[in-house]
Protein chains: 2
Amino acid sequence: MHMPAEHGVSSQCRRLSGVLTIVGDKWTVMIVMVLIGQGRRFNELKRLIGGISQQMLTRTLKALERDGMVSRTVHPTVPPQVEYALTDLGRSLAEPLQALGAWANSHVEAIELNRGAYDARADVKLAG
Amino acid sequence: MHMPAEHGVSSQCRRLSGVLTIVGDKWTVMIVMVLIGQGRRFNELKRLIGGISQQMLTRTLKALERDGMVSRTVHPTVPPQVEYALTDLGRSLAEPLQALGAWANSHVEAIELNRGAYDARADVKLAG
DNA sequence: GGTCTAGGTCACAATTCCAGACCGGAGATC
DNA sequence: GATCTCCGGTCTGGAATTGTGACCTAGACC
């Protein structure tokens with residue numbers, strides 16, 4: 001994507017801001033990645049993702065549903081079963097998100113290395 | 001990469017979680033996108049992005065520097081000038097982030113439409 | 001009758017975010 | 001020589017988000 005310099009990346013960015021708040025969210029990225037390929041039930045998602053609180057899962061899922069990226073199907077059994085799945089919109093989001101996930105995955109170690117080095121430098125500065 | 005089979009997606013996701021917290025952040029996405037192609041100074045970034053607080057810009061930039069995705073060069077002039085630029089790691093992140101930005105850009109309207117429809121349905125439910 | 005389940009909700013604590021004030025130090029201005 | 005400005009950044013107080021843990025429904029199991 002090319003960025004027009006004169007007419008303000010600003011307004012474009014502000015426009016994107018709202019969308020990025022949703023799709024650029026840590027939990028959203030993970031939920032969508034887990035939902036790729038198959039629908040999942042609530043606790044299944046919770047287990048698979050790990051580290052997410054029930055409330056955040058509910059909330060993120062609701063936001064995703066509101067934005068039309070995830071569908072929510074309730075099976076009126078007892079106890080009720082709720083299945084979440086990606087919509088077409090959600091699946092289209094999955095592609096760039098997978099790219100992001102893949103990048104993150106293959107650079108985790110480089111980042112952790114940099115992080116360690118940076119913190120070590122900071123410590124030296126504090127000590128000296 | 002080391003990946004114990006038993007923990008499955010969960011541990012992998014948790015591993016990614018820390019990285020996604022950084023790269024999947026709204027401001028990170030915008031900062032990296034603005035830095036593509038050229039280095040920028042602090043207030044230049046602030047102006048171009050728009051809507052970011054000085055504190056968040058400082059913080060996000062620092063996190064990015066810590067993770068080795070952005071370099072910070074101080075020119076000892078008066079007043080001091082500080083230039084931020086993408087490192088190789090940062091440039092490699094730019095690609096998936098541009099894809100995400102492009103997706104966001106081309107689906108903003110669909111999302112806003114869904115959001116409106118959802119809210120309308122919710123209102124009806126509350127009213128009825 | 002008690003307890004387990006799935007899928008939530010609610011109240012409250014902890015954390016993070018933002019707006020705006022303040023800081024440092026050289027140069028220009030008074 | 002006192003004050004104002006500039007850039008990059010920190011600090012403060014309040015607002016918004018997030019996490020934690022308790023609770024709810026309604027049938028199944030013991």
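In what follows, every chain begins at residue 1, and chains take the letters A, B, ... in the order their sequences are listed.
In this entry the distance linking CZ of B:R40 with C1' of D:dG8 reads 17 Å, nearest Å. The nearest whole Å value for the distance from the CG atom in A:L57 to the P atom in D:dT17 is 19 Å. The separation between B:K26 atom NZ and C:dT16 atom P is 16 Å, rounded to whole Å. Put simply, CE on B:M56 is 17 Å from P on C:dT15, counting in whole angstrom units. The NE2 atom of A:H75 sits 18 Å away from the C1' atom of D:dA26 (whole-angstrom rounding). Protein atom CD1 of B:I52 is 11 Å distant from nucleotide atom C1' of C:dC18, rounded to whole Å.
Listed by first and then second residue, the salt bridge (charged side-chain N to carboxylate O under 4.0 Å, His left out) pairs involving residues 90-108 of chain B are B:D88-B:R91 (not counting sequence neighbours).
Residues meeting the side chain to side chain contact (heavy atoms under 4.5 Å, CB included) test with A:R40, sequence neighbours left out: A:V34, A:L35, A:Q38, A:E44, A:L45, A:L48. For B:E83, there are no side-chain hydrogen bond (donor to acceptor under 3.5 Å, both in side chains) partners two or more places apart in sequence or in a different chain. In this structure B:S92 satisfies the side-chain hydrogen bond (donor to acceptor under 3.5 Å, both in side chains) test together with A:W103, sequence neighbours excluded. Judged as a side chain to side chain contact (heavy atoms under 4.5 Å, CB included), and not counting sequence neighbours, the contacts of B:D119 are A:R66, B:R115. Applying the side chain to side chain contact (heavy atoms under 4.5 Å, CB included) test to B:L113 and every residue at least two apart in sequence or in another chain returns nothing. Qualifying side-chain hydrogen bond (donor to acceptor under 3.5 Å, both in side chains) partners for B:Q54, counting only residues two or more places apart in sequence or in other chains: none.
Checking the phosphate oxygens (OP1, OP2) of D:dT17, no side-chain nitrogen or oxygen of A:W27 falls inside 4.0 Å.
B:N105 places no side-chain N or O within 3.5 Å of a backbone atom of B:G101 that could act as its donor or acceptor partner.
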Under 3.5 Å, which protein N or O atoms sit close to an N or O of nucleotides 5-12 of chain C? Give each pair with its distance.
from, atom 1, to, atom 2, distance (Å)
C:dA6, O3', A:R41, NH2, 3.2
C:dA6, O3', A:P80, O, 3.4
C:dG7, OP1, A:R41, NE, 3.2
C:dG7, OP1, A:V82, N, 2.9
C:dG7, OP2, A:N43, N, 3.1
C:dG8, OP1, A:R72, NH2, 2.3
C:dG8, OP2, A:Y84, OH, 2.5
C:dG8, N7, A:Q54, NE2, 2.4
C:dT9, OP1, A:K62, NZ, 3.1
C:dC10, N4, A:Q55, NE2, 3.3
C:dA11, N6, A:Q55, NE2, 3.0

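Two residues are said to be in side-chain contact when any heavy atoms from C-beta on lie closer than 4.5 Å; A:D67 and B:Y118 fail this criterion.
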Output a table of donor-acceptor pairs, distance under 3.5 Å, between side-chain atoms of residues 68-75 of chain A and any protein atom two or more places apart or on a different chain; print 'none' if there are none.
from, atom 1, to, atom 2, distance (Å)
A:S71, OG, A:A85, O, 3.4
A:R72, NE, A:Y84, OH, 3.2

Which pairs would a plain distance check flag for residues 20-27 of chain B, meaning a side-chain donor or acceptor within less than 3.5 Å of a matching protein atom at least two apart in sequence or in another chain?
from, atom 1, to, atom 2, distance (Å)
B:T21, OG1, A:K26, NZ, 3.4
B:T21, OG1, B:S17, O, 2.8
B:D25, OD2, B:W27, N, 3.1
B:D25, OD2, B:T28, N, 3.2
B:K26, NZ, A:S17, OG, 3.4
B:K26, NZ, A:T21, OG1, 3.4

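Rounded to 10°, the helix from C:dG1-D:dC30 to C:dC30-D:dG1 has 30° between the axis fitted to its first five pairs and the one fitted to its last five.
For the contact set between residues 64-71 of chain B and DNA chain C, defined by any heavy atom under 4.0 Å, there are no members.
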